[in-house]
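Single-structure report; data block below.
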Amino acid sequence: MKKIKLENTNEVLYYDKLDNGLEIYMLPNNNVNKFYLTLNTRFGSINTKFKYDNKEYDMPKGIAHYLEHLSFNMENGSVFDHYSKIGSSINAFTTYDITSYNVTSNNRFKENLEYLLEYVYTPYFTKELFQSEKGVIEEEVKMYKDDPGMTIVNGTLNNVFVNDERKYLVGGTVKDVKSIKLEDVITCYNAYYNPKNMFLIITGNFNPNEALAITSEQMNKLNINNDFNVKDIYPKEPEKVNKKEEIIKMNVDKPKVSIGIKIPKNNFKNLKLDNYLLKIYISSILDINFGNTSLLLEELQKGSIVDDLDYTVIESNDYFIVLILSSTYYPEYFKDKIIEKFNSLNIEDSDLKRVAKVNISNYILLFDSVVAVNNYIMDEVMDNNEVNTGFMNIMRNLNIDTCKKILTKLNNYDYTICKIMPKNNE
């Protein structure tokens, strides 16, 4: 087991990789009472086209989410019932590229960990369970479709992407759910729920040596096939957006607006920056220009255009997608101000240093929360296949000259606007 010191902190990350390929990341915190476990597979909503056992598959949208639901069943009953009896809380989520199963508790560590591994690696998929869960998932999908917050994000991504499957809802549509077959679910489970495609993260109050022993023993008992032979097939995505504008009518009091900006990664290929560092620079630039302390937000608030401004960056294989969102009665004016600002992005050395200090502070605070630090490790592993040990040094060494070079590369983009308008504004 490796002990990995996280630079400039008192934190030590423990890492091991079992013979079957399962990677284990452990960050103990004896100052808290609880522990948090996540067992994660690199299988999400975008993994519908793949080659497995020398055969190509094109699965229905939403199948990863369907599989997540079915995984909470065992031959002897519901996984929820078992964890409830021992006073533990469980959940799961599916995103574009991952499915994660989690457990939170403050006692019976061994039992909680053993059962997490057992139920995820012991599929129990019957025709009866498959059919009964279909109705539950259809209702959940309908609920998401009626949510303005999810609709504005999904509507924007649907405008941005031509072929990339991030344009679709993670759970798919009701039609997608109806088209999923039990054999599809079994194929996806066998393909992606493989130790070589998965990783376990443990944070909170526990003993890393004991955790490793428990995991190793339980995985040996389960005797899982670890022959991993999946190859994902991703469609080529063009630089232009799919649609320049979309207007959606919903029951909202105030219009919601989202600008989706599509930036090719090829813009930055001559800068010779690794993807990790490039994302930090881009996030810093966006925070300075669109964040809570930005001059733009202050201007828009003073003019009663918006109350707040949200932005996020979604990364695909070939693009950074910047989403800038707000609620406003002046959607066209808002759009013009956002694009005007994006065409004149600026940053000073003092801004860069300020953002670095804030990010360092937030990084330190991560370790106080067993959930937040677990999510951070998850993101690091998914994005970089490892946890960067020198984050604080990276932030302290951000260079204004490099930042300005990146600024010059952000001017090659295409964009779209998505609006949610009140239904009574006919």
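No hydrogens, no waters, no symmetry mates; every other heavy atom, side chains included, goes into these values. No experiment lies behind these values; they were computed from the predicted model shown.
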Measure from the side-chain N and O atoms of Asn154 to the backbone N and O of Thr151, and report whether any donor-acceptor pair falls under 3.5 Å. no
For the aromatic rings, using the six-membered ring if either is Trp, is the centroid distance between Phe50 and Tyr57 under 6.0 Å? yes
Rounded to the nearest 0.5 Å, what separation is found between the CG atom of Asn399 and the NZ atom of Lys405? 8.0 Å
Tell me whether Lys335 forms a cation-pi arrangement with Tyr415, defined as NZ or CZ under 6.0 Å from the six-membered ring centre and within 45 degrees of its axis. no
So, Lys221 and Glu118, do they make that salt bridge, N to O below 4.0 Å? no
Does Asn267 use its side chain to pair, donor to acceptor, with the backbone of Leu410 at less than 3.5 Å? no
With a 3.5 Å distance limit and no angle check, can you tell me whether Thr416 reaches the backbone of Lys243 through a side-chain donor-acceptor pair? yes
How far does OG1 of Thr408 sit from CZ of Phe268, to the nearest 0.5 angstrom? 9.0 Å
Tell me whether the centres of the aromatic rings in Phe93 and Tyr101 are closer together than 6.0 Å. no
Whether Glu380 side chain and Asn388 backbone form a donor-acceptor pair below 3.5 Å: yes
Any Lys/Arg nitrogen of Asp164 or Arg166 sitting under 4.0 Å from an Asp/Glu carboxylate oxygen of the other? yes
With the threshold set at 4.0 Å, does a side-chain nitrogen-carboxylate oxygen contact exist between Lys49 and Asp58? yes
Is there a donor-acceptor pair closer than 3.5 Å between any side-chain N or O of Ser283 and the backbone N or O of Ile280? no
Could you check whether any side-chain N or O of Glu75 sits under 3.5 Å from a backbone N or O of Tyr124, counting only pairs where one atom can act as donor and the other as acceptor? no
Between Lys51 and Asp232, is there a side-chain N and carboxylate O pair less than 4.0 Å apart? no
Hey, do the aromatic rings of Tyr189 and Phe43 have their centres closer than 6.0 Å? no
Mutual orientation of the aromatic rings belonging to Tyr25 and Phe199 [parallel < 30°, tilted 30-60°, perpendicular > 60°]: perpendicular
Aromatic ring proximity Phe109/Phe35, centre distance under 6.0 Å: yes
Would a 4.5 Å heavy-atom cut-off, applied to side chains only, mark Thr156 and Val153 as touching? no
Would you please say whether a donor-acceptor pair under 3.5 Å links the side chains of Glu111 and Tyr115? no
SB check Glu11 Lys5 (cutoff 4.0 Å): no
Residue from Met198, Glu23, Met378 passing side-chain contact (heavy atoms from CB on, under 4.5 Å) with Asn40: Met378
Among Tyr15, Tyr14, Phe367, which one satisfies side-chain contact (heavy atoms from CB on, under 4.5 Å) with Leu27? Phe367
When rounded to the nearest 0.5 angstrom, what is the spacing between CD1 in Ile152 and CG in Leu323? 9.5 Å
When the ring centroid of Tyr413 is compared with that of Phe342, is the distance short of 6.0 Å? yes
Hey, is Lys262 close enough to Glu239 for a salt bridge, meaning N to O under 4.0 Å? no
Is the shortest distance from a Lys or Arg side-chain nitrogen in Glu246 or Lys419 to a carboxylate oxygen in the other one below 4.0 Å? no
